[in-house]
J.: 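Mind having a look at this structure? Questions to follow.
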There are 2 protein chains.
Amino acid sequence: MARPPRSASVDSRRRLFEAAAAEFAARGYAGANVDRIARAARLNKAMIYYHFKSKAALYREILRDMFTAVGTRVADVAAASCTPEDKVRAFVEAIAAEAEARPHFPPIWLREIAEGGGHLDAATLNYARAVVATLGRIIEEGCRAGRFKPAQPMLVHGGIIAPLMFFLATARVRRKMQRAGAAGVADIPPKVVVAHIQRLTLAVLEGRIA
Amino acid sequence: MARPPRSASVDSRRRLFEAAAAEFAARGYAGANVDRIARAARLNKAMIYYHFKSKAALYREILRDMFTAVGTRVADVAAASCTPEDKVRAFVEAIAAEAEARPHFPPIWLREIAEGGGHLDAATLNYARAVVATLGRIIEEGCRAGRFKPAQPMLVHGGIIAPLMFFLATARVRRKMQRAGAAGVADIPPKVVVAHIQRLTLAVLEGRIA
DNA sequence: ACTAATTAAATATCTAGTTAGTTAATAACG
DNA sequence: CGTTATTAACTAACTAGATATTTAATTAGT
């Protein structure tokens, strides 16, 4: 009883997960098609219902993966022993790294924000809240150390994550526009965006933008 | 021939447009339901096909309205006779004003970014590009006046519009969270967000964040 | 009288989820 | 070791419900 899963099955599950992530990112939850997901994973549609319970449960699993990844990663950042400035830089870097590791992350994040997080279950929503709370603690630490001025964690967080997701999500389109000859819509690599947002955020926290 | 439309018809059209905007904002293009749009407008579903040609054409019209509104508004800003600093402030204010006048604007904008602008027709896409180009001209003007340091218009624009749309789109959810007792996720009024982004953008352009 | 505005009902297509059955890996047993 | 029983992994075909769009007929303004 309770045999371990065969390696082929683990692989199938992974393929479904990835095909689904790409489909949800490209078309949104409602626009995503389970037949297309199965075809992309080179499996029968029924396998989606075998490995996951439903389209909704599959989607929730993708969301959970995204938000728990960021949540645990930034928790590590806050627990590290370095200056508050370095923690802020690492906070930005951590979110960027997890998002870059998942091409579906930025589009899905943008859609969930548009929808008011209607697909997020309570546990996943808590992970999202925890990210803001973690940033809040880093800010407090900086304030106690006399390096930061007090700031609304949510305001600071929005200033980080929104432009980050925007630039990551539009990277492909902007490259295409660039090739089509659009000058101002230049191809800005993620590294540049991350560095920009790091400097911006520190300027805000150190009270240098008033 | 070519009688003017009856006023009742103009009103029906407007009601359909607004119901559709709300529906598309809440559920995305694929998730939107024409029956629900018609019901919300207190009209028969066939009226959608009478006033607009299809669900897709109706959606395109909503997008066109959004992007042309912002496009013309920021063009006025750039043409005004005031300091580059004031133009930057007015640029941010203009986008915020047009977005606040249309509750559907932020969610639809976020979804279109997620989708890579797949629903935007060529003309509307040009309006979107024109907005970035306009910001580029304001930056240039500031550089010539010795007040701004050179900066990538796209990078600056993303730093404006992304957090703006994020905060406007999440306003309702954040108010709900606030009432539910979430402390750090405070209710931040649009005015505060706009002022924050104005100061942030000027700090970037004046080279005060390096 | 003419036609813009509107409706109810039909159509045609799509799609999430189910079912009933097949294949193949593996564990247990002789 | 080889055979068989068990069940995980997988498929093809079906079902039931939804949904965009059309059609044909009706109402009401000018």
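In this text the structure is predicted, and so the values were computed from the model without any measurement. Side chains included, hydrogens not; waters and symmetry mates left out as well; all remaining heavy atoms used. Throughout, protein chains are lettered first and strands after them, A, B, ... in sequence-line order, and every chain is numbered starting at 1.
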J.: Between P on C:dG17 and OH on A:Y49, what's the gap in Å once rounded to a whole number?
T.: 4 Å
J.: Tell me, yes or no, whether the heavy-atom count around A:Y127 atom OH, taken from other residues, nucleotides or ligands under 6.0 Å, exceeds 12.
T.: no
J.: What is the separation between atom CG on B:L16 and atom C1' on C:dA5, rounded to the nearest whole Å?
T.: 12 Å
J.: To the side chain of A:M47, which of C:dT7, C:dT6, D:dT11 is closest?
T.: D:dT11
J.: Between B:E115 and B:R111, is there a salt bridge with N-O shorter than 4.0 Å?
T.: no
J.: Rounding to an integer number of Å, can you tell me how far A:L58 CG sits from C:dG17 C1'?
T.: 14 Å
J.: Need to verify one output field. Residue with the more 5' nearest nucleotide on DNA chain C, A:N44 or B:S12?
T.: B:S12
J.: How long is the line joining CZ of A:R27 and C1' of C:dC14, in whole Å?
T.: 14 Å
J.: Quick check on D:dA8: is either OP1 or OP2 less than 4.0 Å from any side-chain nitrogen or oxygen of A:S9?
T.: no
J.: Starting from the 5' end of DNA chain C, give me the residue, B:R42 or A:A56, whose nearest nucleotide shows up first.
T.: B:R42
J.: Please give, in whole Å, the distance from C:dA5 C1' to B:R15 CZ?
T.: 12 Å
J.: Rounded to whole angstrom units, what separation is found between the NZ atom of A:K53 and the C1' atom of C:dA16?
T.: 15 Å
J.: Quick one: on DNA chain D, does A:L43 or A:Y50 contact a more 5' nucleotide (nearest heavy atom)?
T.: A:Y50
J.: Output yes when A:R89 and A:E93 qualify as a salt bridge under the 4.0 Å nitrogen-oxygen rule, no when they do not.
T.: no
J.: Is any side-chain nitrogen or oxygen of B:H51 closer than 4.0 Å to OP1 or OP2 of C:dT6?
T.: yes
J.: What N/O pairs connect the protein and nucleotides 17-19 of chain D at under 3.5 Å? Give each pair on its own line.
T.:
| from | atom 1 | to | atom 2 | distance (Å) |
| --- | --- | --- | --- | --- |
| D:dT19 | OP1 | B:N33 | ND2 | 3.4 |
| D:dT19 | OP2 | B:N33 | ND2 | 3.0 |
| D:dT19 | O5' | B:N33 | ND2 | 3.3 |

J.: Set out, in order, the CA-CA distance, both residues' side-chain angles and the distance that settles salt bridge (charged side-chain N to carboxylate O under 4.0 Å, His left out) for B:R39 and B:D35, then state yes or no.
T.: CA-CA 6 Å; B:R39 212 176 324 128; B:D35 285 284; 5.8 Å; no
J.: Between the side chains of A:R64 and A:T68, does any donor sit under 3.5 Å from an acceptor?
T.: no
J.: Can a salt bridge be assigned to the pair A:R73 and A:D76 using a cut-off of 4.0 Å between side-chain N and carboxylate O?
T.: no
J.: Nearest whole Å is fine: how far is C:dA8 C1' from B:R39 CZ?
T.: 15 Å
J.: Run the salt-bridge test on A:E23 and A:R27 with the 4.0 Å N-O cut-off and return the result as yes or no.
T.: yes
